[in-house]
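Please read all numbers here as calculations on a predicted model, not as lab measurements. Naming: A, B, ... by sequence-line order, numbering from 1 per chain.
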Number of protein chains: 2
Amino acid sequence: MARAPTTADIFNAIAEPRRRQVIDLLAREGPTPVAAIARALSLPQPALSKHLRVLRVVGVVASEQRGQQRLYRLDAAPLHAVHEWASTFERFWTHRLERIRERAERIAEEHHTP
Amino acid sequence: MARAPTTADIFNAIAEPRRRQVIDLLAREGPTPVAAIARALSLPQPALSKHLRVLRVVGVVASEQRGQQRLYRLDAAPLHAVHEWASTFERFWTHRLERIRERAERIAEEHHTP
DNA sequence: TTGACATATGTCTGTATGGGAATATATTCC
DNA sequence: GGAATATATTCCCATACAGACATATGTCAA
């Protein structure tokens, strides 16, 4: 079997940095026409349209005809799955951060009581 | 340009479901030898070894020789980036959930005072 | 050393990519 | 209808996959 298509699911879709940039921009700016996205990301319009298709297929953006242009807006729902999956591992960072903090405090303590 | 290699970064690495399974398993079970992972995931050993290489390159797992076998353990640090990125969009789910809850309460209210 | 076991690597194949360039499709205005 | 603008699609190419299978490498034990 080959690598799964980028349209297979949200995890494959967000593997591409350009697509994460698009998502970030829509989150910041709200609904945005294609040309404005292309300008902001310095991306040729055809390349962007292809990325937008991938994002549409996995349901993380939706488009609305607005006169001559097409407004794309974020639908963050599919990103919830990513967040939830990544949250599973929170305890690992927390533990590591705690260890770092504890060590820092211990060292500081030693320096104060020589 | 072609699609970025799976080893390019953590986002590309976790696009593959098998590799997320490996990560999940190591998070649950702690350090585990290759054969046990292969058995648990019903994955041929060569296929698994290739996935493990990808995960090693992006730094999300590390291996330790343990007698004849090799123990793989999770290093969740790179997943922090994924979690942080996904956290950016938390407000969208929260807002949506709030809207759903408010609507439900309004409807319930209407039913109680007809 | 030889053999048994555990893991890694190489080869093959079909499939899919992301960008560049050209072109097709919509939509609005005259 | 025809021109102008906005967006989508098609064709091209180099690259890289994931799995099946065979084989190499590494490690221990006798």
Angle between ring planes, B/His83 versus A/His83, binned at 30° and 60°: parallel, tilted or perpendicular?
parallel
5' precedence on DNA chain C between A/Lys50 and A/Thr7 (nearest-nucleotide basis)
A/Thr7
Would you kindly compare A/Ala4 and B/Leu71 by the position of their nearest DNA chain C nucleotide and give the one closer to the 5′ end?
B/Leu71
When you measure from the side chain of [X], which nucleotide among [options] comes out closest?
X       : options                : answer
A/Leu52 : C/dA21, D/dA8, C/dT27  : D/dA8
B/Ala2  : C/dG20, D/dA18, D/dT15 : D/dT15
B/Gln69 : D/dT10, C/dA6, D/dA16  : C/dA6
B/Gln65 : D/dT27, D/dA16, C/dT17 : D/dT27
B/Ser49 : D/dG19, C/dA21, C/dT7  : C/dT7

Name the nucleic acid region contacted by [X], choosing base, sugar-phosphate or nothing; use a 4.0 angstrom heavy-atom cut-off, strictly under.
X       : value
B/Pro33 : sugar-phosphate
A/Gln68 : base
B/Thr6  : sugar-phosphate
B/Pro46 : base

On DNA chain D, nearest-nucleotide positions of B/Arg70 versus A/Tyr72: which is more 5'?
A/Tyr72
Write down the distance between [atom1] ([X]) and [atom2] ([N]), rounded to a whole number of angstrom.
X       : N      : atom1 : atom2 : result
B/Met1  : D/dC12 : CE    : C1'   : 16 Å
A/Glu16 : D/dA16 : CD    : P     : 14 Å
B/Arg3  : C/dG19 : CZ    : P     : 12 Å
A/Asn12 : D/dA18 : CG    : P     : 10 Å
B/Leu55 : C/dA8  : CG    : P     : 12 Å
B/Arg19 : D/dG19 : CZ    : C1'   : 12 Å
B/Arg66 : C/dA6  : CZ    : C1'   : 16 Å
A/Leu41 : C/dG18 : CG    : C1'   : 15 Å

Would you name the heavy atoms of B/Gln21 and B/Leu41 that are closest together and state the gap between them?
OE1-CD2, 3.8 Å
Looking only at heavy atoms, the pair that brings B/Gly30 and B/Thr32 closest together is O-OG1, 2.6 Å
Report the C-alpha distance between A/Thr6 and A/Phe11 in whole Å, list the side-chain angles of each, state the deciding distance to 0.1 Å, and finish with yes or no for side-chain contact (heavy atoms from CB on, under 4.5 Å).
CA-CA 8 Å; A/Thr6 55; A/Phe11 284 94; over 6 Å; no
Would you say the side-chain atoms of B/Ser49 and B/Gln45 include a donor-acceptor pair closer than 3.5 Å?
yes
We want to know whether B/Arg19 and B/His51 form a side-chain donor-acceptor pair, criterion being a heavy-atom distance below 3.5 angstrom.
yes
What I want to check is whether an N or O donor and acceptor connect the side chain of A/Gln45 with the base of D/dA8 at under 3.5 Å.
yes
